[in-house]
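Report on the following structure.
Throughout, numbering of the chain's residues begins at 1 and tracks the sequence. Keep in mind that what you see is a predicted model, and the values were worked out from it rather than measured. Hydrogens, waters and symmetry mates play no part in the numbers below; they use all other heavy atoms, side chains included. Whatever order the structure lists them in is the order used to number ligands and atoms, beginning at 1.
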Amino acid sequence: MEKEKFLWGGATAAYQCEGAWDEDGKGANIWDEFCHSAANTTGITADVSSDFYHHYAEDIRMMAEGGQNTFRFSISWSRIVPKEDRVVNEAGLAFYDRVLDECDKYGIVPNVTLVHYDLPDYIGHKGGWLYDGVSDEFAYYASVVFRHFGNRIPLYVTINEPSHNASCCYMVGNYPPNEQNMQHFAHCAYNMVMCTAKAVREFRKLNLAGAQIGIVHSSGNTEALHDTPEDRLAVKYGDMFSNDWVLDPAIRGYFEEELIEKVRESGIDLSFIKEGDFDIIRANTVDFLGQNIYCRNLVKPYKSGETKATVNNLGTNDGSADSPREGKTVKGWFESDWDPNVPLNRWGREVYPPCAYATLMKRKERYGNIPIYVTENGHGCYEMPDENGYVEDDERIRFLQEFIGYILKAKEEGVNVKGYYVWAPMDLYSWINGYKKRYGLVRVDFEDPERKRTPKKSYYWYKKFIEEHRDI
Ligand code: BGP
């Protein structure tokens, strides 16, 4: 039997790169609505962004020429089911057919996420992730996608990063609907779990030979700088809060009783759990895990203060001791800790490559041999191109090289890692950080109406690295 090829590629998300926000029958989503509203104080939108909608052929060709054999992207829900009446927009399906044709042309394996933050606005108006019907609407949309694309898509993902998404929407409040409300956080989190279970149920009905379904999770491993009983407990709570509620139901089919009790003790009203839900969760687990790897979850025991979180500080970190840092306090659970020996990026996030190894080892310890794709890993930077648009992004190359080194070490030690996706193959919109924070291997000139693409130094580095590691 031919050895299965390791997948090397890049990842994007619909709202961040497609543009064409109201073209060919697409409905608005909660990000269109937020970006067009006064709540968006920067005034920056992704109405055009990288214009992937019109540049997909060029982008996919560049991926192929860069040696990449897989591409992770997301489908825009509101392109497929634009309105509450559930009528399917054929032009939306046709767009993704064209994207898949292009992938086929180069033998690029598509890895497709059903929702990457961008709920349709009509779901948003009913309460978004808090709407009781959100999981049924999602299951309907998912079944439309599964029926249309079938096993042309071998890797489906239900939701991108439930924990990061819920936290930004309802804890930090930097993503729509911009709330700081832990009751809503928990309700949103629970509905996301139900969305995955119900979408998996639709997927199983079709018996799509050769196609698999997974979930993409973002939080890394939890660790503490000290090894006291209190620190060990903080690590446990850190995992329960950031990892277990997403991964236990999706992979094992249940929440641990201890988690439910701890949430109840924290004063959360759990009446959103409906009879029969746990049977649906138990019967509908995923085939693989998509693990995004950016940083670890460094914690210490909870001491004082109300629950709060900070993330993505608009590039204000200048390295000084009082610069904003990413982290959270969860009352009665844990607090984030800071390691003075580990550098932070401009957005206050640790740059700590060994977390890639530790995260993957932890996943194996808890979830056994489940196939894992590293579905995102990347480094945001402010960048200056030369007069030809070329960027020498050595800092990004170092970052990727070190992280990939740790990922391959975990693979060598038995973690079932089957693929790696750099965030991102080209520059795109970075949510509330707009366009100045860049992640791409290919520069996109956002000032240019034609959105000229220019490969950066990292693009060529990645190409060579893949050549040397094609047959791992
Ligand atoms: C992940 C998201 C992506 C992407 C990336 C970088 O959490 O899945 O959508 O944006 O992080 O984050 P940011 O753009 O906020 O720096």
Closest protein heavy atom (residue, atom, distance) for [atom]:
atom	answer
atom 7 (O) of ligand 1	Glu161 OE1, 2.6 Å
atom 13 (P) of ligand 1	Ser430 OG, 3.4 Å
atom 15 (O) of ligand 1	Asn312 ND2, 3.0 Å
atom 12 (O) of ligand 1	Tyr439 OH, 3.5 Å
atom 5 (C) of ligand 1	Tyr294 OH, 3.3 Å

(request) Could you tell me whether Glu65 and Arg61 make a salt bridge, using a distance below 4.0 angstrom between a side-chain N and a carboxylate O? (result)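 Looking at Glu65 and Arg61, the cut-off is met.
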
Find all atoms of ligand 1 within a distance of less than 4.0 Å from any non-hydrogen atom belonging to [X], and give their numbers and elements.
X	answer
Asn160	8 (O)
His164	7 (O)
Gln16	3 (C), 4 (C), 9 (O), 10 (O)
Tyr117	2 (C), 7 (O), 8 (O)
His116	2 (C), 3 (C), 8 (O), 9 (O)

(message) Angle between ring planes, Tyr435 versus Phe446, binned at 30° and 60°: parallel, tilted or perpendicular?
(response)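 Answer is tilted, since the angle falls between 30° and 60°.
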
(request) Look at the rings of Phe95 and Tyr56 and say which category their plane angle falls in: under 30° parallel, 30 to 60° tilted, over 60° perpendicular. (result)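 The arrangement is perpendicular - the two ring planes meet at more than 60°.
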
(message) Centroid separation under 6.0 Å, is that true for the rings of Trp347 and Tyr382?
(response)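 Yes.
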
(request) Assess the pair Tyr15 and Tyr117: is the distance between their ring centroids shorter than 6.0 Å? (result)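 Centroid distance Tyr15-Tyr117: not below 6.0 Å, so no.
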
(request) Could you go through the side chain to side chain donor-acceptor pair (under 3.5 Å) check for Tyr302 and Thr329 one step at a time? (result) CA-CA 7 Å; Tyr302 170 79; Thr329 296; over 6 Å; no

(message) If the test is side-chain hydrogen bond (donor to acceptor under 3.5 Å, both in side chains), which one of Lys456, Arg443, Arg438 qualifies with Glu383?
(response)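 When side-chain hydrogen bond (donor to acceptor under 3.5 Å, both in side chains) is applied between Glu383 and each of Lys456, Arg443, Arg438, only Lys456 qualifies.
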
